[in-house]
Amino acid sequence: MLTLEALTVRAGDFALSADLSLDAPGRVAVIGPSGAGKSTLLDAVAGFRTPASGRVLWNGLDITGLPPGKRPVATLFQDNNLFPHLSLDENLALAIRPRGGRLDKSEAQRRDAALSRVGLGGFGQRRPGEVSGGQQSRAALARVILQNRPVMLLDEPFAALGPALKAEMLSEVRRVADEMGALALIVTHDPGDARRFAERTVVVAEGRAAPARPTEELFADPPPALRDYLGT
Ligand SMILES: Nc1ncnc2c1ncn2[C@@H]1O[C@H](COP(=O)(O)OP(=O)(O)OP(=O)(O)O)[C@@H](O)[C@H]1O
């Protein structure tokens, strides 16, 4: 379980509060107006932003002071964050050996298995610029698989892809998250994405991340802040 306990996170003049828990495994959407603090929330979970007050707990353990690499968290960024000068194989090797170095045979097999799992078997020698945007997203997902952390954070990960490819990638992430037994949090602007992907949804608005509610129930009877955002 991920718990944000009486949390306040600041970014310049902006402040976001959160006091909520999310069960793991589970798939959760984070939705709300632009600038409401969705990325700020994920940054606090990932450790990229230090809270002004409150705590972040994973299964009861206080991880507030841990740096990003030591947290039980893997992040899939919108721009994929693949190194352009390295092959997909080399990019993925860094998920296994962050300080570099040659993979041994079983590590190389794990890497190849992750690439195959996302449909990129045989693409390992190519650099990110030599594959399509969708394939880059798949490679980034393979990296998250290899990182094998129980919390997956996805900040509008497939916004650059067309609707069909985005839907395909979301179901891919869904499959991976379920197989890993992970808690997956996805920031999205699209209520359709939230409904397709997430069992529960957190609304971020007016300086607060609200406790998660079942996605269908939330959209059937949206609170005023969500109604304003949806324009319904
Ligand atoms: N480094 C910073 N300095 C000052 N203000 C910041 C900084 N980073 C973010 N903010 C402000 O914090 C608020 C929340 O930003 P955040 O990126 O978390 O919103 P968001 O909900 O993810 O937005 P979007 O949907 O547009 O990506 C915004 O008002 C933003 O202007």
Side-chain angles (χ1 to χ4, degrees), residues 2-22 26-57 63-68 71 73-82 133 136-137 140-141 144 151-163 165-167 169-170 173 177 183-198 200-213 215 218-219 222-232:
L2 178 72
T3 304
L4 309 179
E5 186 187 85
L7 198 71
T8 306
V9 195
R10 292 188 196 285
D13 294 338
F14 174 79
L16 178 76
S17 69
D19 197 24
L20 58 91
S21 286
L22 301 170
R27 285 177 265 104
V28 179
V30 178
I31 199 164
S34 181
K38 302 179 294 296
S39 299
T40 304
L41 182 73
L42 260 59
D43 284 352
V45 174
F48 298 127
R49 214 173 263 285
T50 307
S53 60
R55 302 196 298 167
V56 181
L57 306 169
I63 61 167
T64 321
L66 289 184
R71 296 196 177 204
V73 174
T75 304
L76 205 156
F77 297 95
Q78 185 173 345
D79 61 4
N80 294 322
N81 255 28
L82 297 167
Q136 288 177 26
S137 296
L141 182 58
V144 167
V151 181
M152 288 171 59
L153 302 180
L154 305 103
D155 195 347
E156 297 189 67
F158 311 123
L161 304 181
L165 200 50
K166 188 173 76 162
M169 284 307 300
L170 277 180
V173 173
L183 168 64
L185 262 75
I186 189 165
V187 170
T188 179
H189 279 275
D190 183 344
D193 286 354
R195 294 180 115 134
R196 266 191 295 275
F197 182 82
R200 303 173 78 79
T201 294
V202 169
V203 177
V204 178
E206 294 162 351
R208 174 172 175 261
R213 287 180 53 193
T215 302
L218 184 76
F219 283 107
L226 181 59
R227 196 170 297 152
D228 288 349
Y229 171 66
L230 296 171
T232 55

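Note that ligands are numbered from 1 as they come in the structure, with each ligand's atoms numbered from 1 the same way. Just so it is clear, the values below take in all heavy atoms, side chains as well, and ignore hydrogens, waters and symmetry mates. Numbers here simply count residues along the sequence, with the first being 1.
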| message | Holding to salt bridge (charged side-chain N to carboxylate O under 4.0 Å, His left out), I want the full list of residues that pass it with R213, two or more places apart in sequence or in another chain. | response |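 Per chain and number, R213 pairs via salt bridge (charged side-chain N to carboxylate O under 4.0 Å, His left out) with E217.
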Under a 3.5 Å distance rule, please check whether [X] uses its side chain to pair with a backbone N or O of [Y] as donor and acceptor.
{"X": "R55", "Y": "E5", "answer": "no"}
{"X": "R71", "Y": "T64", "answer": "yes"}
{"X": "S17", "Y": "T8", "answer": "no"}
{"X": "R200", "Y": "T215", "answer": "no"}

| query | Taking 4.0 angstrom as the limit, do K166 and D193 come out as a salt bridge? | reply |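 Here K166 pairs with D193 in a salt bridge, since their nearest N and O are under 4.0 Å apart.
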Using a cut-off of under 3.5 Å, which N/O atoms of ligand 1 pair up with protein N/O atoms, and what distance separates each pair?
from	atom 1	to	atom 2	distance (Å)
ligand 1	5 (N)	A11	O	3.2
ligand 1	18 (O)	S39	N	3.4
ligand 1	18 (O)	T40	N	2.9
ligand 1	18 (O)	T40	OG1	2.5
ligand 1	19 (O)	G37	N	3.2
ligand 1	21 (O)	A36	N	3.2
ligand 1	21 (O)	G37	N	2.9
ligand 1	21 (O)	K38	N	2.9
ligand 1	21 (O)	K38	NZ	2.8
ligand 1	22 (O)	S39	N	2.9
ligand 1	22 (O)	S39	OG	2.9
ligand 1	23 (O)	G35	N	2.8
ligand 1	25 (O)	K38	NZ	2.8
ligand 1	25 (O)	H189	NE2	2.9
ligand 1	26 (O)	S34	OG	2.6
ligand 1	26 (O)	G35	N	3.4
ligand 1	29 (O)	G35	O	3.4

